[in-house]
Amino acid sequence: MSCGFSTRLFNICIASLCKASKLERAEAIIIDGIRLGYIPDVVTYNTLIAAYCRFVGVDAAYSVLFRMKEAGIKPNVISYNTLISGATRDCLPTRSLDLLEEMLQVGICPDAWSYNTLMHCFFKSGRPEEAYMIFLDMISRDVSPSSTTYNTIINGLCKTGNTGRLGQARRILKELGESGHAPNIITYTTVMKCCFRSGKFKQGLEIFTELKSKGYACDTFVYCTVISALSKLGRIREANAYIDEMERVGIGLDIVAYNTLINAYCKEGKLDIAFQLLNEIEKSGLQGDEYTHTILVDGLCKMGDIDAAIRHVRYMEMSGYGSSLVASNSLIHGLCKVGQVDSAITLFNRLKLKDSFTYSSLLHGLCKVRRYHTAFRIMLACVRDGIKVLTSARRAVLDGLRSSRFYREEKKLNCYVAWTNCHDNLFHVVVTMFGFAAEHLFLSLFCASWKHFAEYNMHLPINNGRFKSRGISSVFN
DNA sequence: TTAGGGTTAG
């Protein structure tokens, strides 16, 4: 008994070292502990696995699993769930699936936690159809979905663009409650964020009112979501009121909350307060991240202080934040806005990575100063790279080419765009066919009982029989 | 000792 108590204390000590990322020290303590008679148990090793996943990587964590077995300690479901979580953090769906396979092979039954994490991994990797198949496997093995399962699916489908019936977000929440799976604060935050993401601000704010009226305690996630949405809408006074409320109810500010605040002040044009907050972050022992500085760069661009924005991007590069694509996009947009299109082109050419924002901003800037032929060349490169620009940017280039009598270029560009659209349509048909599965899940999720749903899905062609051990990987590869 | 929700740009 006393030995068990000592092991608990020993594990607490290891956990605190791991939390502070002092892995070498934790390992040394384990060796010293063994000499003194403290025998590490499965909790000790699981703590170490979690820390290696967080601070080093899943491969290093997996080697701990190996050492654990060598020491005669059998890994349990938490050991594997932790590794799957590590693979998810690094966005490695194949790896997480292999770990599930290994669990089954060594006779450890995956639980809801394992499946939820695995589904999240596939959603995070932009593969909702496979996440759906994981869900089917979960059902076929009689593992009951939990509230986390619902939240993972709602969030995953929303982030991968399958918003489905989210147009009726409040009804979804009501149906979830009626089905006996009461939504929790995470469900509310997820659905609210989905509304904001799809531009349904009114509905999102109604959900916020609803969760407050139902007595849910708002946490920093809820406040950040709402404050950010209000900032985007330009409703700064209300955003400020919630910032005050957050402080009043004693919610401490982490880096994401600080970034949200800085963004609100930038949107209001109060750059001085935004920079004061940056100092406050550093004084409080936190550290600004890529988001913090990107928000500041964008704020400076929006205020027309391009020189300061350029200086801040240089500061970011020198301070090890890397070159943020979002910050560069803000800068390109800002340079075009103040008429420095050549500088925008120089920056554009320097970028190794470009996206739709980069191209759209520069194309708009070029059209604004009637440099349609340059815009034509850049847009050709963009189409060839398979990047889609805003419809307004494409329209501006085509209209400009026609008005400047560059008919041959206009025709060529139109051909390219039509060809790409044709491919997109074909792709859309394929995606829709597979997407049926995800959509079906979504409809069933809120309309039918889980049991009925699972039985029904057993007859779907996409689920020809249950997944079997070793069979599951072959479905995905 | 393990999972799900929050912050940036056109």
Side-chain angles (χ1 to χ4, degrees), chain A residues 8 11-12 14-15 18-19 41-51 53-54 76-86 88-89 111-121 123-124 146-156 158-159 183-194 196 218-229 231-232 254-264 266-267 289-299 301-302 324-334 336-337 355-365 389-390 392-393:
Chain A
R8 276 203 294 279
N11 285 341
I12 290 168
I14 298 298
C18 284
K19 200 176 168 190
D41 61 6
V42 65
V43 177
T44 323
Y45 279 101
N46 286 351
T47 307
L48 213 50
I49 289 173
C53 279
R54 183 175 296 273
N76 61 11
V77 66
I78 296 180
S79 321
Y80 277 96
N81 287 353
T82 309
L83 285 166
I84 293 174
S85 169
T88 300
R89 190 178 290 119
D111 59 9
W113 204 303
S114 330
Y115 281 108
N116 293 342
T117 313
L118 201 55
M119 272 201 301
H120 177 59
C121 188
F123 276 127
K124 197 177 165 190
S146 61
S147 64
T148 301
T149 316
Y150 290 95
N151 295 340
T152 305
I153 292 168
I154 296 171
N155 186 53
C158 184
K159 276 192 177 163
N184 59 19
I185 192 68
I186 297 180
T187 325
Y188 270 100
T189 318
T190 304
V191 175
M192 190 167 67
K193 175 68 190 166
C194 284
F196 292 144
C218 293
D219 60 13
T220 180
F221 286 74
V222 173
Y223 280 112
C224 286
T225 310
V226 171
I227 291 167
S228 161
S231 300
K232 280 198 176 81
D254 62 7
I255 189 61
V256 178
Y258 266 114
N259 290 345
T260 311
L261 292 189
I262 291 176
N263 187 41
C266 282
K267 289 270 191 298
D289 60 10
E290 193 181 311
Y291 278 82
T292 323
H293 295 288
T294 302
I295 290 164
L296 288 166
V297 168
D298 187 59
C301 287
K302 292 259 177 10
S324 156
L325 178 59
V326 179
S328 300
N329 287 347
S330 289
L331 209 48
I332 286 176
H333 184 70
C336 288
K337 205 172 154 192
D355 64 5
S356 169
F357 282 77
T358 329
Y359 280 102
S360 298
S361 294
L362 186 63
L363 290 173
H364 269 302
V389 293
L390 279 182
S392 59

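So you know, we letter chains A, B, ... as the sequences are listed, proteins then strands, and number each from 1.
What separates CG of A/Asn81 from P of B/dG4 is a distance of 12 Å, to the nearest Å. Atom CG in A/Leu83 sits roughly 17 Å away from atom P in B/dT1 (whole-Å rounding). The CG-C1' distance, from A/Asn329 to B/dA9, rounds to 6 Å in whole Å. Atom-to-atom, NZ of A/Lys232 to P of B/dT7 comes out at 7 Å; the value is rounded to the nearest Å. Computed from coordinates, the A/Phe357 CZ to B/dG10 P distance equals 7 Å when rounded to whole Å. For A/Lys193 and B/dT8, the NZ to P distance is 6 Å, given to the nearest whole Å. Atom CD1 of A/Ile186 is separated from atom P of B/dA3 by 12 Å (rounded to the nearest Å). For A/Phe221 and B/dG4, the CZ to P distance is 9 Å, given to the nearest whole Å.
Looking at A/Thr190, its side chain has no donor and acceptor atom pair within 3.5 Å of the base of B/dG5. A donor N or O paired with an acceptor N or O is not found under 3.5 Å between the base of B/dG6 and the side-chain atoms of A/Ser228. A donor-acceptor contact under 3.5 Å is not formed by the side chain of A/Asn184 with the base of B/dG5. Applying the 3.5 Å distance criterion, the base of B/dG4 shares no donor-acceptor pair with the side chain of A/Thr152. In the interface, the side chain of A/Asp219 is not paired with the base of B/dG6 through any donor and acceptor atom under 3.5 Å apart. Residue-to-nucleotide contacts include no donor-acceptor pair under 3.5 Å from the side chain of A/Thr358 to the base of B/dG10.
Within the 4.0 angstrom heavy-atom criterion, only backbone atoms of the sugar-phosphate kind lie near A/Asp298; the bases stay farther away. Counting any heavy atom pair closer than 4.0 Å across all strands shown, A/Ile78 reaches a base atom. Heavy atoms of A/Thr220 sit under 4.0 angstrom from at least one base atom. Residue A/Lys19 is out of contact with every strand shown, counting any heavy-atom pair closer than 4.0 Å. Looking at heavy-atom distances under 4.0 Å, A/Ser147 makes contact with a base. Counting any heavy atom pair closer than 4.0 Å across all strands shown, A/Lys124 reaches no nucleic acid atom. Note on A/Thr82: only backbone sugar-phosphate atoms sit closer than 4.0 angstrom, heavy atoms only; bases stay farther off. Contact annotation for A/Ser356: base contact, defined as any heavy-atom pair under 4.0 Å involving a base atom. Using a 4.0 Å heavy-atom criterion, one finds that A/Asn11 contacts no nucleic acid atom at all. When heavy atoms are screened at a 4.0 angstrom cut-off, A/Ser360 is found touching base atoms of the nucleic acid. At the heavy-atom level, A/Ala393 lies nowhere under 4.0 Å from the strands shown. Nucleic acid contact class of A/Ile332 (heavy atoms, under 4.0 Å, all strands): none.
Side-chain atoms of A/Asn263 do not come within 3.5 Å of backbone N or O of A/Cys266 as any donor-acceptor pair. Remark: the backbone N or O of A/Phe123 is not paired with any side-chain donor or acceptor of A/Lys159 at under 3.5 angstrom. Looking only at distances, a side-chain donor or acceptor of A/Ser360 sits under 3.5 Å from a matching main-chain atom of A/Leu390. Under a 3.5 Å cut-off, the side chain of A/Asn155 and the backbone N or O of A/Asn151 do not form any donor-acceptor pair.
Minimum atom distance to the side chain of A/Ser85 is reached by B/dT2, of the listed B/dT8, B/dT1, B/dT2. The side chain of A/Ala50 sits closest to B/dT2 out of B/dG6, B/dG5, B/dT2. In the set B/dG10, B/dA9, B/dG6, the nucleotide with an atom closest to the side chain of A/His333 is B/dG10. Side-chain proximity of A/Val256 to the nucleotides B/dT1, B/dA3, B/dG6 is greatest for B/dG6. The side chain of A/Val326 lies closest to B/dT8 when the candidates are B/dG10, B/dT2, B/dT8.
Proximity of A/Asn151 to the phosphate of B/dG5: no side-chain N or O atom is located under 4.0 Å from OP1 or OP2.
A donor-acceptor contact under 3.5 angstrom links the side chains of A/Thr44 and A/Asp41, judged on distance only. For the 3.5 Å distance criterion, the side chains of A/Asn81 and A/Asp111 qualify, holding a donor opposite an acceptor.
The shortest distance between side-chain heavy atoms of A/Cys53 and A/Leu83 falls below 4.5 Å.
Here A/Tyr258 does not pack flat against the base of B/dT7, since the 5.5 angstrom centre distance and 30 degree tilt limits are not both met.
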